[in-house]
Amino acid sequence: MKNKILKMEFFNRPTLKVARGLLGKFLVHQFPRRSALNLRNSARREISAMITEVEAYIGLKDRASHASRGKTKRTEIMFGKSGRWYIYLVYGMHYCLNIVTEKENYPAAILIRSVKIGDKEIKGPGRVSKYFQINKKFNGKFADEKTGLWIEDRGVKINPRDIKRGKRIGVDYAGTWKDRLWRVYLTK
DNA sequence: AGATTGATCCAT
DNA sequence: TGGATCAATCTG
């Protein structure tokens, strides 16, 4: 089957459904050609890996979500169109890569926490961003070929029995919202 | 367990 | 405008 880039319709749905759907899909970062001269011998460089763990952040009331403080310069992307990247620096060190979901004006996004390349798993959102060379320049851009960073279906079928869910990581400040089972991950 | 690190947000 | 906070990771 031909690799299929996920379009806005995929993300413009209930966030938990999208989150489960992202497991087994592939994150792809394709670098631009350096120059026309290099075209022949330089295959376009590409980093890709299968998504194995994500977390959902859903709505204004979710106190674990940045959007719970309302629309600000930083969070306005979460209120915008789905299928765009939401990227922020956390703890002054690590970039976190999120994809915006749901309809406009309903703030929601999914954090990509882990990916797998062959047998090697990259665990943790900071490590994922480092491996994929993510920085804030992608913030607010659509996840498509033009941006050079997207998610695609490579035909991997995921058995629902291989999906587990758990509490989100690092959100103990979020009151009762910390206990929502909005982290989903593959067990094999 | 403790250090690191800087953007963000809100109360002075 | 200052200071607490933070969707994490590394080292010991």
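Below, chain A is the first sequence line, B the second, and so on; all start at residue 1.
The distance from atom NE2 of A:His94 to atom P of C:dT5 is 19 Å, rounded to the nearest whole Å. One interatomic measurement links the two molecules: NZ of A:Lys136 to P of B:dA7, which rounds to 9 Å at whole-angstrom precision. The separation between A:Tyr185 atom OH and C:dA7 atom C1' is 17 Å, rounded to whole Å. Rounded to an integer number of Å, the gap from CG of A:Leu89 to C1' of B:dT8 is 10 Å. Between A:Glu76 atom CD and B:dA7 atom C1' there is a gap of 15 Å when expressed in whole angstrom units. Going from atom CH2 of A:Trp182 over to atom C1' of C:dA7 covers 14 Å, rounded to whole Å. The nearest whole Å value for the distance from the NE2 atom in A:His66 to the P atom in C:dA8 is 9 Å.
Closest to the A:Cys96 side chain, of the nucleotides C:dA8, B:dC9, C:dC6, is C:dA8.
Between A:Arg113 and the phosphate of C:dA8, there is a side-chain N or O to OP1/OP2 separation shorter than 4.0 Å. For A:Arg127, a side-chain nitrogen or oxygen approaches OP1 or OP2 of C:dC10 to under 4.0 Å.
Relative orientation of the A:His29 and A:Phe31 rings is parallel, given thresholds of 30° and 60° on the angle between their planes.
If you look at A:Tyr57 and A:His66, their ring centroids are not closer than 6.0 Å.
The partner of C:dA7 is absent, by the rule that a Watson-Crick or G-U pair needs both atom distances under 3.5 Å.
Side chain A:Tyr88 to base C:dA7: a donor-acceptor pair is found below 3.5 Å.
Side chains of A:Ser114 and A:Glu121: a donor-acceptor N/O pair is absent below 3.5 angstrom, by distance only.
We find that A:Asp144 and A:Arg84 are not joined by a salt bridge, their nearest charged nitrogen and carboxylate oxygen being 4.0 Å or further apart.
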